[in-house]
Every structure is written in C-alpha cells, then in structure tokens.
2 protein chains.
Amino acid sequence: MLELTIKKGLRATGRRMTRTRQAVLTLLERTRQPLSATEIFDQLHQEKVSIDLVTVYRTLHVLKELGLVVQLDLHQEGLSRYELKEGRKHHHHIRCQMCGHIVDLLLCPLKNVTKLIERQTQFIVDEHTLEFTGLCPECQ
Amino acid sequence: MLELTIKKGLRATGRRMTRTRQAVLTLLERTRQPLSATEIFDQLHQEKVSIDLVTVYRTLHVLKELGLVVQLDLHQEGLSRYELKEGRKHHHHIRCQMCGHIVDLLLCPLKNVTKLIERQTQFIVDEHTLEFTGLCPECQ
DNA sequence: TTCTTATTGCAAGTCTATTGCAAATATCAC
DNA sequence: GTGATATTTGCAATAGACTTGCAATAAGAA
C-alpha cells in the first residue's frame, strides 16, 4: 500500500503523517495529470480542505526528498509540476500548446545516449530533462 | 555578416537597430555560455553600458521572435538563458551541478523518436527540450 | 492526558519576468 | 541638417512562483 510506504518514509526521517500531507497525497494519487503547487492548492480548496499554499510547497518538497514524487519542469511553463512515482518507470511527457493537456510518453530514448555524452564531454551525467510540446489530437 | 542579417530582420518587421540592441548582440556573440537576462544586465553594466533590465528582457524577446536567439530552460534553474543561433545547428546542453558550467552537446538523439511519439500519442510534435545535468571534469 | 517536537498558517520577502506610460531616440521625408 | 513620426527606452509599479521567520497548532510517544 502506498500510504504505508509513505508513512514509513516519513517516520524514518523523523517526520509525521498529517492531515495536510494526506490530502496532497490523495489528490496526487487520483489525478492523472502532473499538478502544480497552485493547482493542488486550488483543487483542495474546492474540496473544502483548508491548506495554505506554503504548506503545499513544503509538502511537495518533503515528498520529493523522500523520492515519492517527481518534479517536472515542462518546456517554458515557468513553474514546476509534480507527479507521484508510485512504482512507475522513468518516463517523459508531451504537452499540448493549445489546451495544456499532458500525456505520458512510454519510451525514453536516452539510455544509450548517456554513455555517449559522458565519453564526449567527460561529464558524469546525473539527470536529464526531456519534454515535448505539440498539438494534441483534439486541438489539431 | 551577422550584424547585417539582424538589421535586415529588424527592418523587415518595422523595428530599429539601436545602441542597446547592439550591445546585447555583441555580448551574446562573444560569450560562449548561454546567458540569463540578469547576467547580460550585470555584464553590460560592468562594461559601463547603461541599459535597463527591462530593456534586456525586451531585446531578448525581439531577438527570439526574429529567430536569431534560442531561449533555453535548463533543468530546474528557474530562469531562462539565451544563446545566438548564428548558423549553429539545433543542439542541447549539459550543465554542471557544481559550478554551473554549460557545455554544448553535438548530438540530438531525437530525430527518429519524434515520429514514434507522433504515432504513439497522435500529437503533432512541435518542440522538445532536452537538457542534462551532471558533474564536469573539474568538479568530479 | 501530558509533553516534546514537527508542522502549519500568516505575513513578509525574494526573484524572474511583464506592463503602462512619459521621455528619449532612430528613421524617413524634406 | 531639420523636423515629423513611430519605435524604443527607463522608471515605477505589478504579477506570479516560490521561500523564510516566527508564533500558534497538532502529531505521536510516554
């Protein structure tokens, strides 16, 4: 169970499971799109959950630190989005420029490329960001 | 000559070549690293060029519109960087997490992938962002 | 239930980037 | 060169994402 895993992770670092963290997690769990802090804030308020925007940011920060959540910086959006890892494989996204709809990509074409880059640049590669934009079927 | 090309581009859209635009361009031309607006502002001020930060932003916006400059959003930097196109091919970057040094990558492994994504998602792919982070040879 | 300590909300602040507007300046016609 | 006109600039103010300090609150262990 996801909730148990998370509780353990929190405990292990001297942290507590609280109503607000619960609320953020539940929302992320049932939402398919990666959410921004503001979107999480707005959505929870619509559901009459009282939470401060600062707390949303802090919660996301903690969840990211525990490796339970991934932070995305989509192409020129100027904000961060978050999605639960929850056993999902490393993947990328494509976002519609028109409607903002975000879809997961099932492939990551970069596994072989990393070695090539390391040889070429002498860097030790740590992370990569790969995000696409375009027009979704509805907006074409 | 780059300067002529730019002047033409400006003219063609009813714009003018000015001292400030000149200064931003010259700086971009002789700097190898992609620069942020603030960095451009600071550098020009160090060189006793009087320019407002707003003007830097507006200049970059215009140059981007003319297709003379590329806007980069590197992995979780929280700001945009700009570099001259100037006949250079489409490419990506890798940034050192330690010292911030940015190096060009000579390959783009995504040409074939785009078609695959279009088939898979039914999107029409327009752009992609691909940026790496890691440790540069000096920081390892 | 009580105590300790993490967590929260609020207010204020930071940083990147944008907008409105009057003043400055580039370009064109003369 | 001079003047007309339209673009560009600087300044002040503003927007929006995100952070920090601190007192009040709540989780969880005894």
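Everything numeric in this text was worked out from a predicted model, so none of it was measured. To find a chain, count down the sequence lines: A is the first, B the second, and so on, and within it residues start at 1. Atoms considered below: every heavy atom in the structure, side chains included; atoms not considered: hydrogens, waters and symmetry mates.
- Note on A/S50: only backbone sugar-phosphate atoms sit closer than 4.0 angstrom, heavy atoms only; bases stay farther off.
- Set against C/dG9, D/dC18, D/dT9, the side chain of B/R21 has D/dT9 as its closest nucleotide.
- With salt bridges taken as basic N to acidic carboxylate O contacts below 4.0 Å, one links B/R95 and B/E77.
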For this session: Output, in order, the C-alpha distance, side-chain angles, deciding distance and verdict of ring pair (Phe, Tyr, Trp, His ring centres under 6.0 Å) for B/H101 and B/H93.
Result: CA-CA 10 Å; B/H101 187 215; B/H93 303 84; over 10 Å; no
Return the polar atom pairs (N/O with N/O) between nucleotides 25-30 of chain C and the protein under 3.5 Å, or none.
residue : atom : partner : partner atom : Å
C/dA26  : N3   : B/R16   : NH1          : 2.8

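- Put simply, CG on B/L35 is 14 Å from P on C/dT16, counting in whole angstrom units.
- There is a side-chain donor-acceptor pair under 3.5 Å between B/S80 and B/Q71.
- Put simply, CD on B/Q71 is 12 Å from C1' on C/dT16, counting in whole angstrom units.
- Summarising the geometry, the separation between CZ on B/R81 and P on C/dA17 is reported as 10 Å, rounded to the nearest angstrom.
- Counting only N and O atoms by type, the side chains of B/Q43 and B/E47 include a donor and acceptor under 3.5 Å apart.
- Between the C1' atom of D/dA6 and the CG atom of B/L10 lies a distance of 15 Å, rounded to the nearest Å.
- A side-chain donor from one of A/H92 and A/H128 sits under 3.5 Å from a side-chain acceptor of the other.
- For the pair B/E39 CD and C/dC15 C1', the interatomic distance rounds to 14 Å; values are reported in whole Å.
- Counted within 6.0 Å of NE2 on A/H61, heavy atoms from surrounding residues, nucleotides or ligands total 12 or fewer; the atom is thus considered open.
- Dense packing is recorded around CZ of B/R30, with more than 12 heavy atoms of other residues, nucleotides or ligands lying under 6.0 Å away.
- For C/dA17, one of the phosphate oxygens OP1 or OP2 lies less than 4.0 angstrom from a side-chain nitrogen or oxygen of B/S80.
- Listed for the B/T31 side chain is no donor-acceptor partner under 3.5 Å among the backbone atoms of B/L28.
- Across residues 55-67 of chain A, A/Y57, A/R58 each have a non-hydrogen atom less than 4.0 Å from an atom of DNA chain D (numbered order).
- Using a 4.0 Å heavy-atom criterion, one finds that A/I51 contacts the sugar-phosphate atoms exclusively.
- Atom CG of B/L79 and atom P of C/dT18 are 12 Å apart (whole Å).
- Between A/L53 atom CG and D/dT20 atom C1' the separation is 14 Å, expressed in whole Å.
- Side-chain contact annotation: A/T18 with A/T20, donor-acceptor N/O pair under 3.5 Å present.
- Residue A/D52 contributes atom CG, which lies 14 Å from atom P of D/dT19 at whole-angstrom precision.
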